[in-house]
J.: 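I'd like to ask some things about the structure below.
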Amino acid sequence: MNNPQPIDVQWAWAPYQPSAKAPWDLRRVGHLYRRAAFGANWDELQSGLRKNPQQCLDELLQGGPDGPDWPESIGKGNVGPQIPAWWLKRCLETRNPLREKLAIFWHNHFATSDAKVNNAGYMLGMIKLLQRHALGNFAELLQEISLDPAMMVWLDTNTSKKGMPNENYARELMELFSLGIGHYTEQDIREAARAFTGYEIKNGRGLLNAAQHDDTAKSLLGKTGRFKAEDIVNLCLDQKCCAEYIALRLFRFFISESLTPEPQLIQPLADEFRNSGYNIRQLVERMLRSNLFFSDHAIRTRVKSPVDYAVGIIRALEGNVSALALAGALEGLGQRLGYPPSVKGWDGGQAWLNGQTLLFRQNLALALSSTEDDRFKSRTDPARLVRKHRHDSGEQPVQFYLQLFLQDDVPAGTRERLTDYLAKARQQTPPVYWTAEQSADHPLRAVCHLVLTLPEFQLD
Amino acid sequence: MFNRRDFLKSTGLVAWGALAPGYLTKTACAAGNSYGPGGKDTILVMLQLTGGNDGLNTVIPYGDPLYAKYRPTIKIGKDQIKKVDDHVGLHPALDGFARLLEQQALCIVQGVGYPNPSQSHFRSMDIWQAASMAETLTEGWIGKALKQNAAPAFHLAGANEPAPLALAGAPMRAPSVTSLNDFQLKLAAATGGESKMQKAIIEGAAKANENAPEMLEFVKKTAINTYESSKRLQEIGKNYQPKVPYPQSALGNRFKLAAQLIDADLGARVYYLSIDGFDTHSGQGGVNGAHANLLREVGDAVAAFYQDMAQRGHGERVMIATFSEFGRRAKENGSRGTDHGSGAPMFLIGGRVKAGLVGAHPSLEKLEAGNLKHAIDFRSVYAGILESWLGVQATDVLGGTYEKATILKG
């Protein structure tokens, strides 16, 4: 919360070049893949280290093929509960992780829940819109989302009529989607709400029904006119604070949740974002390539979201689990994609971890590493992984898991305790009914589980 | 039966001296103190109605013709209302509350709010939870109260529900719990000895480190509190037999868990629960429908909880207090719902609350930008709860002096 020394703005956003003080090491490779992807597996870490940061970033920004397409049956059968599972499947399998991550970022930004929309087809339409614009243009995204059918149901635009406007969308458009609290008045909301009257969903699209639209003049944000929905969105985009607000949201997502940036740190990014006509890719690229991104101000200064936490474990274990089972588990951790708790989305940061969710995380780590859980079985097996990479003898497994999951970023004492534990676990007499293979694999899986329970592993 | 001292012992605050960081041991000493007037062993159960409860369709001024005029499609007919006096009455779905009133265990504080009310859900909820208008809010009013009188607190959470700001700042982080079964750390070990080694590593890694960065320190603090609470919660009886049936609802289940924890005598002074869904911009319904269902879930769960507690001899120890971040617009909108408003009622339930109405219903004539004007500042109600119920000095918690609302029987 408190920043003892102001950060040099010039330095912060200048492109990162490895140096003796900030070398291109395993720690930074891991950090980049956690933030711009869903974490790195063993081979990605090793090859990342051999490349330079620019090459890694080029590849991540370029991206490969997306995960599996959304099946049409979800929309046709209106099976909303398959949305979180299918979205996780895409996260687990995508070769274009940055785009998927940003789609989830926008899902959180324009948080809409099927709990109210109750139309999986509309929800999928919106999610595809978010994926299409994930690294695209924010102005276009904001225009399209305003008349997106899922959004129109979610925030009641579809029932707002001339003479009796519903303020729900107008308020959240300004408060959460574009300006942030303090940059508009209650009167602005009431005026904007009149402009959003008369929009209806026809054939799966938001269309104006002039008969129900309030066509009279509205005065807001210093302008007066016979505004329609599109004009209100443009008025919001014209506000200087809009670019600042979005840049700040992305700062929290890519740089830090514990650092409250001074306005002057955000300003150059906001100016660029605005001058580029709201080019998201350019803004994201500027952040990811920066000195600040690769500094201690950023590394492990966020709490992993449940999706990042679980998908990160499974990708690192090179496993393949039932996405439906995983979606069920993530509900306990507090994140059900397609069903955010409110229009504000998930609070994120420290709010991810309370007593119950921490225990659910630790128990999920056990389920994914012990192979005995009925939900996941042996489709993620740390013992198989450590053998595959030939790090299964002596103390090697401890080193392997610590590098894979934490890039060695733990106190020396922790490493010693784990090494000691592995030795003792191997010496103990296993239950008589265990096979030789079980007895040999158990200590490898157990030490992996312990690595996943370390406090450092909760951090992104 | 465990008492508070046992709780502290079993949570390892005594036995775990080596591991427990300073803030925990300090708490252990403070909890031994006796509480201020009216405060000894009392329990506060906060119930948050998330989304902005429509106060006007909750405590209804049926005697005022403007009520029906403002609400052509969602009004409640006079004959359906559970009358409190000849001017106001309760929504028929609040049958549970009406019965509590007959038992002299329901206090209705009318027209509660604050000046220049925010109509943002999130800002206004933060203001209510922090009892502060400061721009950045990091501590809650209950968290601050627990600094004065340290005692455990629990957040009984639904799925998808983070810990509330209201509890932030407490010396021991209040754990969120969804169910006792789920509130345990699972391990896979070949032998008892191995299981002990695993626990030692997991708990040892959560040990505080003075040089740890802020985020890591936060994770460790959460972890250490969680592991300790979990051990204690695993020791209490699994099979709680309520004295009265609880409604089959998510909120009913959480209230039953609260009763179970209170009856286990863990020494906790505060329980925090919430129910979401009150943001009724469209299709709110009248006698039946979305809003009625929510009120029924609240009324039935609270009534069952209070009867259960009363039959176990805790009726005079517990107080349930409800609040919402704001009320709703006096006139309904074109979607047969209501937009964000301001002043609204709070309910206080318990054997010692002043039964009946406190304050007058806000005028339907003198609206403020279409909203009901508040007459009682919510911090006055908090001051009453803090001083008369929890025995905590209110001025420090509220950052100012507010006239203490009279909420207890004389």
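On a predicted model such as this, the values are computed, not experimentally measured, just so you know. Naming: A, B, ... by sequence-line order, numbering from 1 per chain.
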J.: Counting heavy-atom pairs closer than 4.5 Å to chain B, which one of A:N158, A:N168, A:L155, A:L366 comes out on top?
T.: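 Option with the greatest count: A:N168.
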
J.: Please name the residue in the list B:K221, B:K220, B:M215 that meets the side-chain contact (heavy atoms from CB on, under 4.5 Å) test with A:P455.
T.: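 With A:P455 as partner, B:K221, B:K220, B:M215 yield a single side-chain contact (heavy atoms from CB on, under 4.5 Å), made by B:K220.
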
J.: Between A:L333 and chain B, which part of the residue has a heavy atom less than 4.5 Å away: side chain, backbone, both or neither?
T.: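 Neither the backbone nor the side chain of A:L333 comes within 4.5 Å of chain B.
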
J.: With no hydrogens and no angle check, is any side-chain donor or acceptor of B:S335 less than 3.5 Å from a backbone partner on A:T159?
T.: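 The answer is yes, because a donor-acceptor pair under 3.5 Å joins these two groups.
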
J.: Count the heavy-atom pairs under 4.5 Å between each of A:E186, A:E172, A:K161, A:R336 and chain B, then report the option with the highest count.
T.: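 Top count of heavy-atom pairs under 4.5 Å with chain B: A:E186.
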
J.: Please classify the contact between A:K162 and chain B as side chain, backbone, both or neither, with a heavy-atom cut-off of under 4.5 Å.
T.: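 Neither; nothing under 4.5 Å.
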
J.: At what distance, to the nearest 0.5 angstrom, does CD of A:Q458 lie from OG1 of B:T222?
T.: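 One gets 9.5 Å once the value is rounded to the nearest 0.5 Å.
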
J.: Side chain, backbone, both or neither: which part of A:N166 has an atom under 4.5 Å from a heavy atom of chain B?
T.: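 Looking at A:N166, backbone and side chain both touch chain B.
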
J.: With a 4.5 angstrom heavy-atom cut-off, which part of A:W434 approaches chain B: side chain, backbone, both or neither?
T.: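 Side chain only.
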
J.: Under a 4.5 Å heavy-atom cutoff, which of A:D420, A:T414, A:T301 has the most pairs with chain B?
T.: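 The option with the most such pairs is A:T301.
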
J.: Working to the nearest 0.5 angstrom, can you tell me the gap between B:H281 NE2 and A:T157 OG1?
T.: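 Atom-to-atom, B:H281:NE2 and A:T157:OG1 are 10.5 Å apart.
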
J.: Please flag which part of A:P411 lies under 4.5 Å from any non-hydrogen atom of chain B: side chain, backbone, both or neither.
T.: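 Neither part; nothing is under 4.5 Å.
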
J.: Quick check on the interface: out of A:N354, A:I189, A:I181, A:V303, who has the most heavy-atom pairs with chain B under 4.5 Å?
T.: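 Among the listed options, the one with the most contacts to chain B is A:N354.
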
J.: What part of B:T338 is in contact with chain A, defined as an atom under 4.5 angstrom from a non-hydrogen atom: side chain, backbone, both or neither?
T.: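 The answer is neither part of B:T338.
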
J.: Can you tell me which portion of B:D276 sits under 4.5 Å from chain A's heavy atoms? Options are side chain, backbone, both or neither.
T.: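 Side chain only.
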
J.: Any Lys/Arg nitrogen of B:R329 or A:E167 sitting under 4.0 Å from an Asp/Glu carboxylate oxygen of the other?
T.: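 Judged by the 4.0 Å cut-off on N to carboxylate O distance, B:R329 and A:E167 do form a salt bridge.
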
J.: In terms of heavy-atom proximity below 4.5 Å to chain B, should A:R300 be classed as side chain, backbone, both, or neither?
T.: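 Contact with chain B is through the backbone of A:R300 alone.
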
J.: Keeping the roles fixed (side chain from A:R171, backbone from B:Q119), state whether a donor-acceptor pair exists under 3.5 Å.
T.: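 Yes: the side chain of A:R171 pairs with the backbone of B:Q119.
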
J.: Out of A:M164, A:H442, A:Q362, A:Q356, which one racks up the most heavy-atom pairs below 4.5 Å with chain B?
T.: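 Of the candidates given, the most pairs with chain B belong to A:Q356.
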
J.: Would you mind checking which part of A:Q428 comes under 4.5 Å of any heavy atom in chain B, side chain (CB onward), backbone (N, CA, C, O), both or neither?
T.: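 The answer is the side chain of A:Q428.
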
